[in-house]
Amino acid sequence: MEATHTESATLAGRLAFLREATRTFRTTGAIAPSSAGLAARLAERLAGERHRSHRPLSVLEVGAGTGSVTRTLAGLLGPQDRLDVVELNPRFVDLLDRALVTDPALCAASGDIRIVPGSITRLELGRRYDVIVSCLPFANFEPGEVQEIMDRYLSLLVPGGHLSYFRYLGTRVLRTLLPGRAEIVRHRSVTALLTGIESRYGTGGGVVWGNLPPARVVHLRSERTVARAADAA
């Protein structure tokens, strides 16, 4: 019965994601939720910290969508760990709220999970985080927006905290097929900005070929003192 419920929830989540992708592709950024393989790679730093740490951890996920990565993060939470889940899309927020009650993967940890509707650059979250996982589609944003988001992430990390996100493969080639040079320039600027940040804070990652589309996971670690992404740009 549980397997059937999980399969039904997964199908419903995929359909909901596809509906929102057709409505708000700029902020959704894909046509399907993150795969289990991508979710596992994004959660690697939480798994490592949970193994090493003997204290409660604070975790932040941004851009949760239908919760495919949230479920993986929830399964890694230890006693007294906290997971804040920020989501801008109100339809996804409603789905996530319901999932905390109905989804077996989330129910067990629902008391440790807080769904926070809104934009990560506008919210006051009231804490800093050991691990941040971002599922935002940076390739769809303006360079200034990406800069603001990355500054926000680094300001929210504890010194030495981890930030993980992904970049879809092939977006550069796709952008060159779109009309207008402005789109090409915008995408190159975002890529250059992220490359600069990764050169300063990067600690590894890898490609998940089984995702739709394939994605490169990037792991960063903040300096022991508070850092700003603008310093790396």
Side-chain angles (χ1 to χ4, degrees), residues 29-30 34-35 37-53 55 57-65 68-70 72-73 76-77 81-87 116 119-121 123 125 127-169 171-172 187-208 211 213-233:
S34 299
S35 67
L38 179 55
R41 292 303 297 268
L42 288 168
E44 283 177 336
R45 293 303 187 252
L46 173 57
E49 285 297 303
R50 184 66 276 150
H51 179 73
R52 290 187 294 270
S53 180
R55 61 178 179 80
L57 298 175
S58 293
V59 185
L60 172 65
E61 181 191 3
V62 181
S68 56
V69 176
T70 313
T72 299
L73 296 173
L76 293 171
L77 296 178
D81 288 352
R82 297 288 301 175
L83 171 60
D84 286 345
V85 180
V86 171
E87 174 55 53
V116 187
S119 167
I120 185 58
T121 59
L123 291 168
L125 296 169
R127 58 168 60 104
R128 295 174 71 186
Y129 298 91
D130 301 282
V131 177
I132 298 176
V133 174
S134 173
C135 301
L136 296 180
F138 289 135
N140 288 8
F141 297 165
E142 295 295 328
E145 292 177 297
V146 177
Q147 185 75 73
E148 185 179 16
I149 292 167
M150 295 300 290
D151 279 344
R152 179 69 167 144
Y153 286 161
L154 290 171
S155 73
L156 286 171
L157 283 173
V158 301
H162 300 276
L163 166 62
S164 299
Y165 59 92
F166 61 87
R167 294 206 249 166
Y168 290 126
L169 299 185
T171 57
R172 181 178 62 82
H187 188 267
R188 285 177 178 170
S189 297
V190 169
T191 300
L193 190 157
L194 291 174
T195 299
I197 294 170
E198 291 161 14
S199 69
R200 177 171 180 177
Y201 301 109
T203 61
V207 176
V208 180
N211 195 68
R216 179 181 301 279
V217 172
V218 178
H219 297 306
L220 309 181
R221 191 171 191 186
S222 71
E223 297 173 341
R224 292 295 175 178
T225 56
V226 177
R228 291 181 68 252
D231 296 335

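Worth knowing before you read on, the calculation uses all heavy atoms, side chains too, and leaves out hydrogens, waters and symmetry mates. Each residue takes its place number in the sequence, starting with 1.
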Main-chain N/O of Ala64 paired with Thr70 side-chain donor or acceptor, under 3.5 Å: no

Asn211-Tyr168 side chain donor-acceptor pair, cut-off 3.5 Å = no

### Query
Got Met150 and Ser155 here, is their nearest side-chain heavy-atom distance under 4.5 Å?
no

When rounded to the nearest 0.5 Å, the distance separating CG of Leu220 from CZ of Arg200 is 11.5 Å

For Tyr201 and Ser222, the nearest pair of non-hydrogen atoms, with its separation, is CD2-CA, 4.3 Å

TODO: Kindly say whether Val133 contributes a backbone atom to a donor-acceptor pair with the side chain of Glu61 at under 3.5 angstrom?
DONE: no

Note: Arg127 and Ser58 closest approach over all heavy atoms is CD-OG, 4.0 Å

### Query
Can we say Arg167 and Glu198 salt-bridge, meaning some charged N sits less than 4.0 Å from an Asp/Glu carboxylate O?
yes

In short, Arg45 meets Ser164 closest at the heavy-atom pair CG-OG, 3.9 Å

Rounding to 0.5 Å, atoms CZ (Arg41) and NE2 (His219) come to a distance of 6.0 Å

Rounded to the nearest 0.5 angstrom, the CG-CD1 distance for Leu154 and Ile149 is 12.0 Å

I want to check something: taking the side chain as every heavy atom from C-beta on, are Ile197 and Thr195 in contact at a cut-off of under 4.5 Å? no

Nearest heavy-atom contact between Arg152 and Ile120 is NE-O, 2.9 Å

Q. Counting only N and O atoms by type, is there a donor-acceptor contact under 3.5 Å from the side chain of Arg221 to the main-chain atoms of Gly160?
A. yes

| request: Might you work through the side-chain contact (heavy atoms from CB on, under 4.5 Å) test for Leu193 and Phe138, ending with a clear yes or no? | output: CA-CA 11 Å; Leu193 190 157; Phe138 289 135; over 6 Å; no

Please determine whether side-chain contact (heavy atoms from CB on, under 4.5 Å) holds for the pair His162 and Leu157, giving the CA-CA distance in whole Å, both sets of side-chain angles, and the decisive distance to 0.1 Å. CA-CA 7 Å; His162 300 276; Leu157 283 173; 5.6 Å; no

Got a donor-acceptor contact below 3.5 angstrom from the Glu145 side chain to the Glu142 backbone?
-> yes

request  = Given side-chain contact (heavy atoms from CB on, under 4.5 Å), test Tyr153 with Val62 step by step and report yes or no.
outcome  = CA-CA 10 Å; Tyr153 286 161; Val62 181; 3.5 Å; yes

Note to self: Is any side-chain heavy atom of Val85 closer than 4.5 Å to one of Val116?
What the structure shows: no

Closest non-hydrogen atoms of Leu38 and Val208, given as atom of the first, atom of the second and distance, are N-CG1, 3.7 Å

To the nearest 0.5 Å, atom OH of Tyr129 lies from atom CG of Leu57 at 13.0 Å

Would you call Asp130 and Arg50 a salt bridge, using N to O less than 4.0 angstrom? no

On a heavy-atom basis, the closest approach of Phe166 and Leu42 is CD2-CD1, 3.8 Å

* Asked: Do the side chains of Arg82 and Val59 get nearer than 4.5 Å, heavy atoms only?
  -> no

Value for CG (Leu76) from CG (Leu46), rounded to nearest 0.5 Å, stands at 5.0 Å

